[in-house]
**Student:** 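Have a look at the structure that comes next, please.
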Amino acid sequence: MKKNSSGIEINEVYHTSKSQLEQPGEYPFTRGVRKDMYRGRLWTMRQYAGFSTAEESNERYHYLLNQGTTGLSVAFDLPTQIGYDSDHAMSEGEVGKVGVAIDSLKDMETLFKGIELQKVTTSMTINATASTLLAMYVALAKKQNADLSQISGTIQNDILKEYAARGTYIYPVRPSMKIITDIFEWCGKELPKWNTISISGYHIREAGSTAVQELAFTLANGKAYVESALKAGLDINVFGKRLSFFFNAHNDFFEEIAKFRAARRMWANIMKELGATDAQAMMLRFHTQTGGSTLTAQQPENNISRVTLQAMAAVLGGTQSLHTNGYDEALNLPTEKAARIALRTQQIIGFESGVTNTVDPLGGSFYVEELTDRIEKEALLLMTQIDQVGGSVAAVESGWMQEEIARSSYEFQKQVESKELIIVGVNQFTSQENENIPSFKIDDSIREKQTEKINALKQERNQKSVDLSLENLESAARSGENLMPKILKSVEEYATLGEIAFALRKVYGEFAI
């Protein structure tokens with residue numbers, strides 16, 4: 001029996017007359033996806049990290065694991081995200097800047113040196129090139145003689161939100177959807193514990209959407225992925241269990257908690273309507289990251305309070321995984337100190353706050369229950385509008401979704417400038433003091449190092465085998481067969497990420513607005 005600091009016994013779950021109708025761990029999962037939630041185990045504590053070279057990122061991963069993270073979360077640089085090798089002209093000025101540069105399996109081997117993939121869960125924020133990075137991860141696991149049936153983690157692999165809000169796309173929408181379905185099918189057979197997609201509202205919110213739009217657009221995108229997989233003949237009760245979500249946590253404390261509760265209920269109903277009969281295939285499991293766009297360069301220490309508030313909302317909302325931002329991220333990549341404080345924030349919530357002692361502690365609150373219902377109602381209305389324009393794919397191709405997000409972003413900025421919304425340290429309670437925050441910058445010499453690695457790799461590898469594997473990949477893309485076995489073979493022959501992406505560009509072309 002759990003007790004608080006005064007020795008008072010705490011029940012596993014509490015009920016009001018309304019909340020008795022919904023139990024944690026049972027459809028429609030409003031109150032949580034597990035019966036005991038954090039009484040059984042805490043959420044996975046991740047810290048999103050990756051910068052410069054694979055060698056330097058590997059050092060940060062070992063540091064974070066030693067500090068108590070329970071899962072890794074990899075950030076990739078922009079060239080890696082959009083299918084360019086570090087030596088490509090388009091990569092100049094961006095190599096290693098917002099994430100780690102990964103050009104080949106060699107870099108992946110270095111990135112996870114000294115880390116047994118079977119003993120960690122890894123989340124990779126990658127979309128257009130998700131198939132290639134996953135193949136590199138699998139190739140490395142095979143080199144470690146790992147049991148692929150036990151490898152667990154997540155690739156973001158959510159291309160629709162890239163067109164709508166973020167921009168790291170390569171191919172047109174429909175070929176991209178085909179690649180995602182290929183990943184669903186292949187992982188169902190080869191990597192049964194891998195989360196094949198993290199359907200992401202995070203970047204939709206970062207682009208300026210409201211909480212209701214974040215929820216509606218994310219679930220509408222999720223519905224589109226499910227429908228695409230069903231058309232390909234996949235079993236919803238199999239692939240549905242490996243779908244995961246990725247939400248933002250902003251500053252409106254109760255709105256965020258209600259958003260998470262509404263999301264679970266809505267998704268359970270959507271999956272049931274689409275034909276799911278297995279309860280696990282109806283569960284909305286999600287990762288949360290605190291709001292990057294809420295961080296301020298002015299008075300950056302205030303961001304520690306913001307992140308704490310947002311992280312608490314994610315936990316009270318029932319997240320399965322959490323990343324807390326460093327307080328200095330509005331200025332530069334997080335320093336080790338900022339990353340440690342961010343992780344300690346999660347650990348204090350988990351081990352000191354007492355909020356994990358009972359399930360859905362705000363369930364039954366008049367305000368939270370009403371807000372959950374209202375957010376669900378408004379999000380469903382938006383989803384109806386998306387259906388009317390032809391679904392998420394059509395909404396993205398026509399620019400409808402992008403325009404809705406832009407409109408909300410504009411309205412928010414007007415409210416800040418008129419001081420209808422107060423941002424502490426920005427438009428109110430400002431200070432003239434100079435902030436002395438340690439900086440963490442990446443210099444442009446990283447590109448030279450990566451280029452040297454690529455040149456050395458091309459001298460060592462069997463070029464005939466590489467060429468053949470890329471020809472077979474291109475042929476598979478033209479014939480419509482599943483691409484994952486061909487991508488994996490190319491990776492194992494040490495074809496570069498850019499070479500694989502360009503083989504597919506030959507067939508699919510590139511997306512143009």
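These numbers come from the heavy atoms of this one structure, side chains and all, not from hydrogens, waters or symmetry mates.
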**Student:** For the pair R174 and E397, evaluate side chain to side chain contact (heavy atoms under 4.5 Å, CB included) and give the outcome as yes or no after the intermediate values.
**Tutor:** CA-CA 10 Å; R174 294 176 196 275; E397 288 180 324; 3.0 Å; yes
**Student:** Would you please name every residue forming a salt bridge (Lys or Arg N to Asp or Glu O under 4.0 Å) with D85, sequence neighbours left out?
**Tutor:**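 Salt bridge (Lys or Arg N to Asp or Glu O under 4.0 Å) check on D85 returns nothing, list empty.
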**Student:** So for atom NZ, which belongs to K178, do other residues, nucleotides or ligands contribute more than 12 heavy atoms lying within a distance under 6.0 Å?
**Tutor:**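 Yes, enclosed.
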**Student:** Kindly check if the number of other-residue, nucleotide or ligand heavy atoms within 6.0 Å of CZ (R478) is above 12?
**Tutor:**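 More than 12 heavy atoms, drawn from other residues, nucleotides or ligands, come within 6.0 Å of this atom.
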**Student:** Test E510 against R505 for salt bridge (charged side-chain N to carboxylate O under 4.0 Å, His left out), laying out the working first.
**Tutor:** CA-CA 6 Å; E510 294 186 344; R505 278 182 170 99; 2.6 Å; yes
**Student:** Determine whether the aromatic ring centres of residues Y137 and W194 are separated by less than 6.0 angstrom.
**Tutor:**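 Yes, close enough.
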**Student:** Evaluate the side chain to side chain contact (heavy atoms under 4.5 Å, CB included) criterion for residues I423 and V416: first the C-alpha distance (whole Å), next the side-chain angles of each, then the deciding distance (0.1 Å), finally the verdict.
**Tutor:** CA-CA 7 Å; I423 309 296; V416 172; 4.2 Å; yes
**Student:** Taking the side chain as every heavy atom from C-beta outward, state whether V33 and R264 have any atom pair closer than 4.5 Å.
**Tutor:**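 Yes, at least one pair of side-chain atoms sits under 4.5 Å.
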**Student:** Is the number of heavy atoms from other residues, nucleotides or ligands within 6.0 Å of NZ (K458) greater than 12?
**Tutor:**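 Yes, because the 6.0 Å sphere around NZ of K458 holds more than 12 heavy atoms from other groups.
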**Student:** So H88 and F502, would you call those rings parallel, tilted or perpendicular, with 30° and 60° as cut-offs?
**Tutor:**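 Geometry flag for F502 against H88: parallel rings.
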**Student:** Distance only, no hydrogens: is a donor on one side chain within 3.5 Å (strictly under) of an acceptor on the other, for Q459 and N455?
**Tutor:**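 No, because no side-chain N or O of Q459 sits under 3.5 Å from a partner of the opposite role on N455.
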**Student:** Taking the ring of F247 and the ring of Y202, is the distance between their centroids below 6.0 Å?
**Tutor:**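 Aromatic pair excluded; centres sit 6.0 Å or further apart.
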**Student:** Applying the side-chain hydrogen bond (donor to acceptor under 3.5 Å, both in side chains) criterion to Q150, which one of K193, K119, Q118 satisfies it?
**Tutor:**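 With Q150 as partner, side-chain hydrogen bond (donor to acceptor under 3.5 Å, both in side chains) holds for just one option, K193.
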**Student:** Answer with yes or no whether the side chains of T129 and Q81 bring together a donor and an acceptor at under 3.5 Å.
**Tutor:**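 No, because no side-chain N or O of Q81 sits under 3.5 Å from a partner of the opposite role on T129.
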**Student:** Does the side chain of Q213 pick up a donor-acceptor pair with the side chain of S209 at under 3.5 Å?
**Tutor:**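 Note: Q213 and S209 side chains miss the donor-acceptor criterion.
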**Student:** Would I405 and I204 count as a side chain to side chain contact (heavy atoms under 4.5 Å, CB included) here? Give the steps.
**Tutor:** CA-CA 7 Å; I405 295 169; I204 291 171; 3.9 Å; yes
**Student:** Give the intermediate values and the outcome of salt bridge (charged side-chain N to carboxylate O under 4.0 Å, His left out) for residues K453 and E55.
**Tutor:** CA-CA 12 Å; K453 288 183 189 178; E55 289 86 353; 2.9 Å; yes
**Student:** In this structure, which one of Q310, R306, H250 forms a side-chain hydrogen bond (donor to acceptor under 3.5 Å, both in side chains) with T294?
**Tutor:**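 So, applying the side-chain hydrogen bond (donor to acceptor under 3.5 Å, both in side chains) to T294 and each of Q310, R306, H250, only Q310 qualifies.
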**Student:** Would you kindly say whether Q346 and R344 are connected by a side-chain donor-acceptor distance under 3.5 Å?
**Tutor:**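 No, because no side-chain N or O of Q346 sits under 3.5 Å from a partner of the opposite role on R344.
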**Student:** Taking the side chain as C-beta and beyond, is there a heavy-atom pair between Y84 and D77 under 4.5 Å?
**Tutor:**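 No, side chains not in contact.
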**Student:** Count the heavy atoms belonging to other residues, nucleotides or ligands that lie under 6.0 Å from CZ of R41, then report whether that count exceeds 12.
**Tutor:**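 12 or below, so no.
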**Student:** By side chain to side chain donor-acceptor pair (under 3.5 Å), which residues pair with D158, not counting sequence neighbours?
**Tutor:**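 For D158 the side chain to side chain donor-acceptor pair (under 3.5 Å) partners, ignoring immediate neighbours, are Y225.
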**Student:** Would you say E92 has more than 12 foreign heavy atoms packed within less than 6.0 Å of its CD?
**Tutor:**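 Not more than 12 within 6.0 Å, no.
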**Student:** Is it true that the side chains of S228 and T181 contain a donor and an acceptor less than 3.5 Å apart?
**Tutor:**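 A pair is found: one side chain offers a donor N or O, the other an acceptor, under 3.5 Å apart.
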**Student:** As a quick check of understanding, evaluate side chain to side chain donor-acceptor pair (under 3.5 Å) for D87 and T451, giving each step before the final call.
**Tutor:** CA-CA 5 Å; D87 61 352; T451 299; 5.4 Å; no
**Student:** Would K97 pass as a cation-pi partner of F51, given that its NZ or CZ must be under 6.0 Å from the six-membered ring centre and within 45 degrees of the axis?
**Tutor:**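 Not flagged: K97 not positioned over aromatic ring of F51.
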**Student:** Centre-to-centre under 6.0 Å for Y171 and Y508, is that the case here?
**Tutor:**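 Yes: the rings meet the under 6.0 Å criterion.
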**Student:** Given the side-chain rings of F112 and H62, with only the six-membered ring counted for Trp, is the space between their centroids under 6.0 Å?
**Tutor:**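 Distance test on ring centres: not under 6.0 Å, no.
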**Student:** Would you indicate whether the side-chain heavy atoms of E499 and T496 approach each other to under 4.5 Å?
**Tutor:**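 They are in side-chain contact.
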**Student:** How long is the straight-line distance from CD of Q289 back to CZ of R46, given to the nearest 0.5 Å?
**Tutor:**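 That separation rounds to 12.0 Å.
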**Student:** Under the side chain to side chain contact (heavy atoms under 4.5 Å, CB included) test against M484, which residue among I179, I183, T132 passes?
**Tutor:**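 Passing option: I183.
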